[in-house]
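Just below is one structure, and these are the notes that go with it.
Being a predicted model, the structure only gives us computed values, none of them experimental.
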Amino acid sequence: MEELNLSEVGIAHCSKCNTAILQENIFCQECGFPENGTEKDVAQFHARNVMKKNEHMDADKKIKSARNVLYVIAGITILAGLFYFFRDQDIAILVTNVILGIIYLVLGSWTSKRPLIAILLGLFLYLTTIIIAAIVDPATIVRGIIFKILIIAYLGKGVYSASSIKK
């Protein structure tokens with residue numbers, strides 16, 4: 001049987017991703033590289049890739065900030081549980097805060113694998129604890145309001161950044 005020469009059929013390979021493409025195609029169907037495009041097309045392709053990389057790096061920084069916020073919330077929650085336990089001798093507060101702290105730690109570590117879900121769950125958990133505390137004692141809404149706003153803002157930026165990139 002006679003071997004088929006790909007160049008005779010009009011098939012080439014993309015120099016960027018090595019995908020087979022028809023020689024008359026300007027752009028690679030897989031990666032979008034302008035294999036048969038002009039120098040301007042090639043320059044635009046590289047410029048878009050650099051912009052995407054910069055956006056990705058910026059999003060990674062915001063996700064890392066959100067991860068750190070989850071770790072800080074975990075630490076503060078556990079320390080608050082210890083403080084209230086020693087002050088009021090209430091084991092329920094200690095157990096509740098330690099469990100919440102562990103959940104925040106797990107969510108923080110989970111951001112490296114599933115950032116959007118982990119940060120979103122952390123945000124919902126934080127908002128839920130604020131709402132429950134406000135139901136029990138309405139005065140807690142205004143206590144530490146700036147701290148609460150900053151945490152919500154950092155987690156919100158993390159959610160936005162994690163949703164903008166695909167990991």
Do [X] and [Y] sit in one hydrophobic cluster, given that two such residues count as connected whenever their side-chain heavy atoms are within less than 4.5 Å of each other, even indirectly?
X	Y	result
Ile119	Ile102	yes
Phe124	Leu70	yes
Leu127	Ile103	yes

In Å, rounded to the nearest 0.5 Å, how long is the span from [atom1] of [X] to [atom2] of [Y]?
X	Y	atom1	atom2	value
Asp88	Leu94	CG	CG	11.5 Å
Leu120	Thr111	CG	OG1	13.0 Å
Tyr154	Asn68	OH	CG	10.0 Å
Asn97	Phe85	CG	CZ	12.0 Å
Ser65	Leu155	OG	CG	10.5 Å
Ile152	Ile145	CD1	CD1	7.5 Å

What pair of heavy atoms forms the shortest contact from [X] to [Y], and how long is it?
X	Y	answer
Ile151	Val69	CG2-CG1, 3.9 Å
Leu107	Ala118	O-CB, 3.4 Å
Arg143	Asp137	NH2-OD2, 3.2 Å
Thr19	Cys28	CB-SG, 4.1 Å

Does [X] reach the main-chain N or O of [Y] with its side chain, forming a donor-acceptor pair under 3.5 Å?
X	Y	value
Lys157	Ile63	no
Asp90	Ala92	yes
Ser161	Gly158	no
Tyr104	Ile99	no
Tyr71	Ser109	yes

Handout entry: More than 12 heavy atoms of other groups within 6.0 Å of Glu39 CD
Key = no

Exercise for the section: Might you confirm whether atom CD of Gln29 has over 12 heavy atoms from other residues, nucleotides or ligands at distances under 6.0 Å? Expected result: no

Exercise for the section: Supply the members, apart from Phe83, of the Ile/Leu/Val/Met/Phe/Trp/Tyr cluster built from side-chain contacts under 4.5 Å; use none for a lone residue. Expected result: Tyr84, Ile93

Exercise for the section: Going by the side-chain contact (heavy atoms from CB on, under 4.5 Å) test, name the single residue among Ile73, Leu100, Ile130 that passes it with Leu125. Expected result: Leu100

Handout entry: Side-chain touch Val72/Arg67, heavy atoms, less than 4.5 angstrom
Key = no

